[in-house]
Amino acid sequence: MDILHGLNDAQKTAVSTPPGPVLVLAGPGSGKTRVLTFRITYLIRQLNVSPWHIMAVTFTNKAAREMNERIEQLLDGQPRGLLMGTFHATCARILRRESDNLTHYQRDFVIFDTDDQLQVVKQALKDLNLDDKKFPPYKMLNGISNAKNELITPQEYAASNYIAAVTQRVYERYQEILYHNNAMDFDDLLMNTVMLFDERPDVLQKYQERYQHILVDEFQDTNTAQYALLKRLAARHHNIFVVGDSDQSIYKWRGADVRNINRFREAYPEAEVILLEQNYRSTQLILDAAKSVIRNNSNRIHKDLFTERQGGDPIALSEAYDEREEAETVVNAIQGLLLQGYALSDTAVMYRTNAQSRALEEGFMRVGIPYRLVGATQFYKRREVKDILAYLRLVHNPADSVSFNRIINTPTRGIGSKTQQMLVAWAQQNGWLPTDALVKLALDPDVQHPFSGRAFNALHNFGEMYHVWQRLYEQEISVGDLFDTILQQTQYRDYLEKGAKDSDEYSDRWGNVMELRNTATETAVTLTEFLENAALVSETDNLEEGIPATTLLTLHAAKGLEFPVVFIVGLEDGILPHSRSLDTREDLDEERRLFYVGITRAKDRLYLSHAFRRTVWGQSDASTPSRFLREIPDDLLAGANTKARRQQTKTRASSWNWSANTTSQRTAPAPRATPPRPAAHSNRGGYSLPTPNTYDDPEPSRPTTPQFRSGQRVRHAKFGEGTVIQSKLTGNDEEVHVAFAGEGVKRLAASFAKLEKIDD
DNA sequence: GGATCTCATGTTTTT
DNA sequence: CATGAGATCC
């Protein structure tokens, strides 16, 4: 079988280039994952490289998993020994294996997430007698994290001004606390690996020999520490294959440094550079729009994206009165799309900030369209999940003070802050950990202690529990059983039930606990493993595909995804570009890339919208359409006097929306390059797209007279029987207001709600 | 020691 | 507006 089968020329060149440094600059939708997976297959099959010698790094677990699956298909089985994972997971693995060679850590070190980190910063501020009002913890943490991303130690941290001097001290103390806790934060995983390699050339050499071929996904998003790591690992064999797109770099604010692409070229002047410019995702029209936007960025490596999907539906642009109407317009448009045979899962709505999802959610809820929200409150950030994890972490690592503080009195068990302080002080005097002190109180009846009767009882009881868990852990009880024991002894369920405002909240939270338990029993063999997974896994990793719902997500979360239909809302100055990015050209460029990423997610259709007024933090203000909109040529847009609309900012003419007929049409009807949608893809059984360009023609199925009159009795699948209050025709649908007993008045779309008339 | 209230705060968030 | 952390009150 030909390993290169099905690839275009540029892809073939990339995949079959002889080992050595390779830089692949891959435009959106140009098949970069394909190139990476084929390259790995090529190394194994064609060049007889042992999978054992290959390391592939990604930024998300999802990307790693997808690549793994595809390689498995290509190779017809799991390649044994291939290392595929995120930067952080890979580093954690190396550090765990090399823990004997680490100065400050033992093998069972834990990973602190952002919440934990904040707690540590607060502790550090307290230890240094610094006011956390003057020095906001999250700002301190930013400084520390930035330093670590640049591989700067506390000692090296330049105290160039007062704030920096304070940050330096906090950083130093912060690091000490982490050592005491036997904990690393995310940044440490990278930095400590680099430092280990620098201190121990023998260790580095071992890994250089092991991983002779290194492949990197999303290279434009690497930070200095990640780049340093790659450079060291590849220093011996120079077999480093990186894939990236500087136009999709949207994480500068997290330390990602696009300049790494240039550094790479300088470090390896002999590197093969390959451009992937053919796009397999979008219509030419959508690509044209994307290109005309990104063109305005400075200092870019020019790419000339093209596709075989000539033409395409024009981009729909609309102005709404406010975010509520904007949501309504989106909902209407989606209902129209459903009639044309699109499935809900084909659609996605993207926005700049999470707060914008609210209006959209309400809009979807109003008509009962299911949606899924990506990444809002992440599972592992939920209070109840963090509580249980803290218990498990403390059993695993008795030195974990953050977890200790979290659960010592959760559920409340009479160990208040005074008692806690006393306990910590008492433990410290005796050179114990607070957890040691607890166990002493529980087991040693003769121990001298400073606690009053009531406090002693509370501590004694908790110490007993904790001791039991530790014993069970030593006896290698399963994670699930330990989990259950903790739940049962702490009566955590009762605590949730009591604390919840309503039964919904309770069942939600308890459901999360049970979900966590499932993960614990299903995926993890050891507690160490389970805790590591929990720390390094993110919400978007489990984005299920094909569920019948619209996807709501931020533009950041959209990277790497694609949808037949994409809506980008809130295209206003101050939102996109975000108000905090208006000052510098650099920031503005990054906002533009974000817009570019959004546009290029769309396969067939793109809808853009902005609102005339928007409520931000409870304040409704007039807004100006995004400056980026002006960068899209008018002939790519559909909509009545689009140009005027985009300039006429604060004087709003009449209300209109996407589904209304349009005056400006594409000159030639765009031939549709996509084959008709396979029936299996649509949940409406064999519905195919009616016309190539639905903006040109009125919808054939469009109702001309309302089917419902006020007073009509109707039945709805979910709400039961009700009475029509009024009904009016909207774009290509009918909007029916129905009063349901016990449910109130609902606004329903006739095409979607499947209302049944009741005659009597 | 624990619950309640007030006040400040507020992008994006792969790990 | 909505959330969370700290102060204040019981």
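These numbers come from a predicted model, not from an experiment. Numbers restart at 1 for each chain; the letters A, B, ... are given by sequence-line order, proteins then strands.
A salt bridge links A:K32 to A:E218: at least one charged side-chain nitrogen sits closer than 4.0 Å to a carboxylate oxygen.
Counting only N and O atoms by type, the side chains of A:Q117 and A:K122 include no donor and acceptor under 3.5 Å apart.
A:S246 places no side-chain N or O within 3.5 Å of a backbone atom of A:Q220 that could act as its donor or acceptor partner. Using a distance-only test at 3.5 Å, with no hydrogens or angles considered, no donor-acceptor pair links the side chain of A:N182 to the main chain of A:V110.
Among the atoms of the strands shown, only primed sugar atoms or phosphate atoms (P, OP1, OP2) are found under 4.0 Å from some heavy atom of A:Y138. Here A:E532 lies out of heavy-atom contact (under 4.0 Å) with every strand. Residue contacts shown for A:F87 are absent, as no nucleic acid heavy atom lies under 4.0 Å away.
Nearest nucleotide to the side chain of A:R254, out of B:dT11, B:dT12, B:dT14: B:dT14.
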Using a cut-off of under 3.5 Å, enumerate the N/O to N/O pairs linking the protein to nucleotides 1-8 of chain B.
from: B:dG1; atom 1: OP1; to: A:T419; atom 2: OG1; distance (Å): 2.5
from: B:dG2; atom 1: OP1; to: A:G414; atom 2: N; distance (Å): 3.2
from: B:dG2; atom 1: OP2; to: A:N409; atom 2: ND2; distance (Å): 3.0

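Screening A:E586, A:R592, A:E590, A:E591 for a side chain to side chain donor-acceptor pair (under 3.5 Å) involving A:S581 leaves a single residue, A:E591.
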Under 3.5 Å donor-acceptor pairs involving side-chain atoms of residues 412-419 of chain A, not counting sequence neighbours:
from: A:R413; atom 1: NH1; to: A:I407; atom 2: O; distance (Å): 2.7
from: A:R413; atom 1: NH1; to: A:I408; atom 2: O; distance (Å): 2.8
from: A:R413; atom 1: NH2; to: A:Y391; atom 2: OH; distance (Å): 2.7

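Classified by its glycosidic torsion, B:dT12 falls in the anti category, the angle being over 90° from 0.
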